[in-house]
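Given the structure is predicted, the values throughout are model-derived calculations rather than measurements. Residues take their numbers from the sequence shown, with the count starting at 1.
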Amino acid sequence: MPDVVIIGAGPAGSVAAALLANAGFEVEVLERMHFPRFSIGESLLPQAMEWLAEADLLRDVVEAGFQHKNGAIFRLGEKEERFDFRSKSAEGWGTTYQVRRDKFDELLARGAERKGAKILFGQTVVAMRPHPETPSLTVRDEAGVECEITARFVLDASGFGRVLARLLDLESPTSFPNRMSIFTHVEDNIPPAAYDRNKILITVNPRNSQIWYWLIPLADGLCSIGAVGAPEQIAPYGATREEQLAALIAESGLMSDLLTNAKRVRDVGEISGYAARVSSLTGDGYALLGNAGEFLDPVFSSGVTIALKSASLAAHTLIRHLRGETPDWDAEFSAPLSRGVETFRAYVSGWYDGSLQKIIFNRPAADARQVKAMITSVLAGYAWDEENPFVRNPQKYLSMVEELCG
């Protein structure tokens, strides 16, 4: 019987598996897909580097040849604001990477295997029986053969699959309205002098501030591009997702100019209704990591950062549990994880209600450098830095700055 079974071999699952294997526990990871496989969410945040280093997987990432990232550029018409993550108020990493997730996720999974974790691909979890000491799963392989797996604990890192949330009826209403993203990869052919590939480009639609676009330069001359909005806002742009994405980008200004000679290299994909949360992140013999518990919105690339933070918190709490101690899962895992999630939630909400867009594009001159450094820290992923007032009480301080903007 393994000590821990982890559902999903994405970033959260692999980092948790590496940490637990490093601590000497027997870890089995069940992954429905086969790697490499495409996934969205290619723009990391600098804070994530800390947890990759903690799991001893950072060297793998550094040596993989991914595109460096040191900040973000926000555009609205002719207005532009640049955020350099190295100019933040928080201590820690100021640079990171923009990654192809097929390569990134496989790299982390192989790193976890190297540390002793066992990863089984083509495995689908179809049932779960919670138990404080011996939770068990029913798992179906690709031939349709089912088996029972019992462990001392189960971690759900299934991402958008949200396995345990579905099987155990843990879904809870989210405050965010239904939105969708449509996206693809292109061979961008952007001239070297035309754009700083070390930064992600976030563009607001000039006719509707509820629609925005991303452009994420990747290595090897590729870009990930996408548009986000409510389905009813995107539908008028064309009969197909390809038509819609092309028509939306045509309105984007600089992004459209940069992609003049781009060639699409994969079909346009979509994800809709992705905002989700659960009634509880833990239960008898299990805990939910990353997107398996809650996903907010892709606008600030927080998904992988939250996933890795959850993996770190859960692994340390679980190590105590497996060693016979009695950790407080709420105080040691759920509550600290939720503090950062709530910080990101305030910024996502501010983006869509217009207050944060107002701050980004119309910052007041008074204390501008200090304010920008603190906001930059959050955008760089330091959403757990309680020394930052824009983390400690984000709604209050964002509202104050918005008022200064007039």
Side-chain angles (χ1 to χ4, degrees), residues 4-23 25 27-70 92-93 95-123 155-161 183 185 197-198 200 216-224 265-266 269 289-292 298 301-312 314-315 381:
V4 184
V5 170
I6 300 176
I7 306 170
S14 291
V15 165
L19 290 168
L20 292 163
N22 278 341
F25 295 102
V27 182
E28 194 166 291
V29 183
L30 306 174
E31 169 58 47
R32 183 173 60 88
M33 306 291 287
H34 287 273
F35 285 14
R37 54 93 174 96
F38 175 81
S39 181
I40 206 68
E42 300 110 331
S43 192
L44 306 184
L45 299 181
Q47 172 72 98
M49 306 292 276
E50 175 184 334
W51 300 306
L52 292 171
E54 180 186 43
D56 193 28
L57 296 172
L58 182 58
R59 180 174 178 176
D60 302 67
V61 176
V62 169
E63 294 181 349
F66 294 122
Q67 170 65 50
H68 282 269
K69 176 186 177 182
N70 60 27
W93 288 84
T95 60
T96 184
Y97 295 96
Q98 293 162 171
V99 301
R100 281 185 50 171
R101 286 288 301 277
D102 53 354
K103 183 177 180 181
F104 178 74
D105 289 14
E106 183 175 33
L107 180 149
L108 296 186
R110 299 309 178 196
E113 281 185 316
R114 190 175 65 245
K115 296 179 185 308
K118 180 181 180 181
I119 302 182
L120 302 174
F121 294 94
Q123 307 294 309
L155 294 176
D156 183 1
S158 58
F160 289 120
F183 48 83
H185 280 182
R197 298 185 72 89
N198 293 318
I200 182 176
I216 303 173
L218 304 171
D220 304 321
L222 298 179
C223 263
S224 171
V265 295
R266 67 174 299 113
L289 308 184
N291 295 350
S301 304
S302 62
V304 173
T305 299
I306 292 172
L308 298 188
K309 175 68 171 179
S310 71
S312 175

Side chains of F104 and S39: does their closest heavy-atom pair fall under 4.5 Å?
-> no
Say whether, by atom type as modelled, one donor and one acceptor occur between the side chain of R101 and the main chain of F38 under 3.5 angstrom.
-> no
Closest heavy-atom pair and its distance - S43, I200 = OG-CD1, 3.8 Å
Kindly write out the residues that satisfy salt bridge (Lys or Arg N to Asp or Glu O under 4.0 Å) with E106, not counting sequence neighbours, or none if the list is empty.
-> R110
Closest non-hydrogen atoms of F183 and I40, given as atom of the first, atom of the second and distance, are CD1-CD1, 3.5 Å
Euclidean distance, M49 CE relative to T96 OG1, rounded to 0.5 Å = 4.5 Å
R197 CZ: over 12 foreign heavy atoms closer than 6.0 Å = yes
Distance (rounded to the nearest 0.5 Å) between I6 CD1 and I119 CD1 = 8.5 Å
SG of C223 to CG of L218, rounded to nearest 0.5 Å, is 6.5 Å
Is there a donor-acceptor pair closer than 3.5 Å between any side-chain N or O of D156 and the backbone N or O of S158?
-> yes
Kindly compute the distance separating NE2 (H34) from CD (Q123), expressed to the nearest 0.5 Å.
-> 8.0 Å
Answer yes or no: is there a side-chain heavy-atom contact under 4.5 Å between T95 and N198?
-> no
Minimum side-chain heavy-atom gap W93-L45 below 4.5 Å | no
Can you tell me if NZ on K115 sees more than 12 non-hydrogen neighbours from other groups inside 6.0 Å?
-> yes
Shortest non-hydrogen contact between A18 and L57, atoms and distance | CB-CD1, 4.1 Å
Partner of L44 under side chain to side chain contact (heavy atoms under 4.5 Å, CB included), chosen from L308, V99, T305 | V99
For A307, does its backbone N or O pair with a side-chain atom of S310 as donor and acceptor, under 3.5 Å?
-> yes
Value rounded to 0.5 Å, distance of CD in E28 from CG in L120 = 5.0 Å
Specify the closest pair of heavy atoms between A314 and L289, including all atoms of both residues, with the distance to one decimal.
-> CB-CD2, 3.5 Å
How close do L155 and A16 get, heavy atom to heavy atom, and via which atoms?
-> CD1-CB, 4.1 Å
Identify the heavy atoms of V304 and G41 that sit nearest to each other, and give their distance.
-> CG2-O, 4.0 Å
Can you tell me how far CD of Q67 sits from CD of E42, rounded to the nearest 0.5 angstrom?
-> 12.5 Å
Hey, are D60 and R114 close enough for a salt bridge, meaning a charged N less than 4.0 Å from a carboxylate O?
-> yes
